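The structure under discussion appears below in the form of structure tokens.
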Amino acid sequence: MEKDIILKAENISKQYRLGQVGTGTLSHDLNRWWHSVRGKENPYLKIGETNDRSTKGTSDYVWALQDINFEVERGEVLGIIGKNGAGKSTLLKILSKVTAPTTGSIKSRGRIASLLEVGTGFNGEMTGRENIFLNGAILGMTKKEITSKLDEIIEFSGCERYIDTPVKRYSSGMTVRLAFAVAAFLEPEILVVDEVLAVGDAEFQKKAIGKMKDISLSQGRTVLFVSHDLSAISTLATRTVVLANGKILAIEETNKAIAIYSSVENSESIFIQEPSLNNPSVTKVEIITSEGGVLQGSSKPFKINFGVSMPFENFENMSLSFQILNHLEVPVLFEYVFDIDTTICRNKGLNQLSFVYDELLLYRGNYNIRVHLAETKTKQKFQTIDCCSFEVEMIGFKEPEWGWQKNVCQYIDKGKWEQI
């Protein structure tokens, strides 16, 4: 059966010049123009570095996106994930035609409604009601069509009491509520949603995810959804794009894509960092398993080694804790030691300690460790580190034919069946 493609990105790349507005200097613009009139390629497309915010680099030109290619079918929910600076928001701005790509093209069929930042497209001096009509008109809706949806939009947003108040007096959460309601209920063929839903409260996030499910499954409209909430991505998206440094790392079924993202984000089984000169700091986290990598079965010993650097003697009221997170970055285990200065970490310099599970009763899947170092009285947090991914496999486990899915539970239960 032929695919019904509603959105297609072909060879999309976006280049920025650091520290500049627009394309940069007049000489660079003239150089581009001179190459263009002679039928030659833009000379600055051959230079520039990969988008890695953590490195200094040597070029003024950076590729925020490079060679992005994918297709989206009608009615599909496509997730887009990646760490900060991976290029997610840049990609959505290009798809929404807020900014133009440096190279490549976007082909779409139908209206695109975008929810990229809090208040995008809203006029702060106009009331909520007036902004509904303004946004509807921008989307190409007639006044009659907007009026027919008005009551649903206001009710869903939960802003009825303030609907005739200027939007500039709204909180960020109220603004997002109204903006999402407008985008969802004015029936665009493609709905583009960035991380802004995180601004809303838990109740609204649940409503918004439910609404996106509904417009996809029931109404056959397409959703592109960017979020750092991997649980929401897992719930909503059928396929997911993983971005890293402006390039596509993977386009896979969502659970597989999340596993790839999690393993890349915390790919080393050992974390090492230079000690802080002024504050206590975790300088080492290391996983030790009997198998040396993947845990073959859950009931094997499992050790985590820590190195904590102290800038001087007898640092008081310290707390070291760690969580084990699943592939959705949801904590499943939590361990801590209070006042580590009185028991373990009294000495200036490197102090080493370990935590041992004689039996780690985790179900198969991908996990990583989140470490916290804090002062217990003032609640000052010195560090939070995500590191050290590891995998649990089950020896001899055969996949049932009726569609058992990976990561459907967290623990191996040590209970037993009895006949009564």
Side-chain angles (χ1 to χ4, degrees), residues 3-9 12 70-80 88-101 105-123 126 128-157 159 167 175-197 199-200 204-205 207-227 232-233 236-239 241:
K3 292 182 179 180
D4 185 5
I5 304 299
I6 194 170
L7 183 69
K8 186 175 184 179
I12 295 296
F70 63 88
E71 297 177 340
V72 188
E73 294 186 54
R74 185 181 300 277
E76 183 178 10
V77 179
L78 183 73
I80 302 175
K88 305 184 298 298
S89 294
T90 300
L91 176 58
L92 291 196
K93 287 176 182 177
I94 291 173
L95 296 176
S96 305
K97 300 180 181 177
V98 172
T99 188
S105 63
I106 298 292
K107 297 177 182 177
S108 61
R109 295 158 54 197
R111 292 181 299 235
I112 299 176
S114 303
L115 193 58
L116 301 179
E117 296 174 2
V118 177
T120 298
F122 275 19
N123 185 320
M126 298 170 66
R129 188 186 304 273
E130 291 167 340
N131 271 291
I132 293 173
F133 282 92
L134 173 64
N135 274 258
I138 291 171
L139 286 172
M141 309 284 287
T142 65
K143 185 175 181 180
K144 183 177 180 181
E145 289 176 302
I146 299 168
T147 301
S148 68
K149 295 285 183 179
L150 186 62
D151 291 341
E152 290 179 275
I153 292 171
I154 295 172
E155 181 182 358
F156 186 88
S157 72
C159 299
V167 166
T175 305
V176 165
R177 280 174 166 268
L178 186 60
F180 180 84
V182 171
F185 279 90
L186 291 183
E187 299 185 351
E189 280 70 32
I190 303 169
L191 177 61
V192 178
V193 183
D194 204 345
E195 188 63 51
V196 291
L197 291 186
V199 177
F204 177 70
Q205 290 180 34
K207 281 177 64 175
I209 289 173
K211 182 61 181 175
M212 285 190 279
K213 273 186 175 180
D214 178 63
I215 65 177
S216 170
L217 296 175
S218 303
Q219 301 172 34
R221 288 184 276 152
T222 301
V223 179
L224 275 66
F225 182 43
V226 165
S227 180
I233 290 284
L236 190 61
T238 49
R239 281 192 310 146
V241 176

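In this chain, residues are counted from 1 in sequence order. On a predicted model such as this, the values are computed, not experimentally measured, just so you know.
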Which heavy atom of Ala237 sits nearest to which heavy atom of Gly79, and what is that distance? CB-N, 3.5 Å

Which heavy atom of Arg111 sits nearest a heavy atom of Glu189, and at what distance? N-OE1, 2.7 Å

Quick one: CG on Leu150 to CZ on Phe133, what's the gap to the nearest 0.5 Å? 5.0 Å

Do Lys207 side-chain atoms and Phe156 backbone N/O form a donor-acceptor pair below 3.5 Å? yes

Taking all atoms of both residues into account, what is the closest heavy-atom pair of Ile80 and Lys88, and its distance? O-CD, 4.0 Å

Under the side chain to side chain contact (heavy atoms under 4.5 Å, CB included) rule, what do Ile153 and Ile146 come out as? Steps first, then yes or no, please. CA-CA 9 Å; Ile153 292 171; Ile146 299 168; 5.5 Å; no

Rounded to the nearest 0.5 Å, how far does OG of Ser157 lie from CZ of Phe204? 8.0 Å

Between the CG atom in Leu224 and the CZ atom in Phe70, the distance rounded to the nearest 0.5 Å is 6.0 Å

Stepwise side chain to side chain contact (heavy atoms under 4.5 Å, CB included) test for Leu95 and Ile112: CA-CA 9 Å; Leu95 296 176; Ile112 299 176; 5.8 Å; no

Asn131 (side chain) donor-acceptor with Met126 (main chain) under 3.5 angstrom: yes

For the pair Arg74 (side chain) and Gly220 (backbone), establish whether a donor and an acceptor sit closer than 3.5 Å, ignoring hydrogens and angles. no

Report yes or no: does Ser216 contribute a side-chain atom to a donor-acceptor pair with the main-chain N or O of Met212 at less than 3.5 Å? no

If I compare all heavy atoms of Ser108 with all of Lys97, which pair ends up nearest, and what's the gap? OG-NZ, 3.9 Å

Sub-3.5 Å donor-acceptor pair from the side chain of Thr222 to the main-chain atoms of Gly75, do we have one? yes

Output yes when a side-chain donor or acceptor of Thr238 lies under 3.5 Å from a complementary backbone atom of Val77, and no otherwise. yes

Please check this pair: side chain of Arg221 against backbone of Ala184, looking for a donor-acceptor N/O pair closer than 3.5 Å. yes

Atom pair CD1/CG of Ile190 and Leu78 - distance to nearest 0.5 Å: 11.0 Å

With sequence neighbours excluded, residues passing ring-ring contact (aromatic ring centres under 6.0 Å, His included) with Phe225: none

Step through the shown structure and confirm whether more than 12 heavy atoms of other residues, nucleotides or ligands are within 6.0 Å of CD on Glu73. yes

Test item: Asp214 side-chain N/O and Gln219 main-chain N/O as donor-acceptor pair under 3.5 Å: no

If you round to the nearest 0.5 Å, how far is CZ of Arg109 from CG of Asp4? 4.5 Å

Is there side-chain contact between Val167 and Asn123, with heavy atoms separated by less than 4.5 Å? no

Tell me if a side-chain donor or acceptor on Ser148 pairs with a main-chain N or O of Glu145 at a distance below 3.5 Å. yes

Spacing of CG belonging to Leu92 relative to OG1 belonging to Thr99, to within rounding of 0.5 Å: 12.5 Å

Quick check: closest heavy atoms across Ile12 and Ala9, and the distance to 0.1 Å? CG1-CB, 4.0 Å

Considering all heavy atoms, the nearest Ser89-Asp194 contact: OG-OD2, 2.8 Å

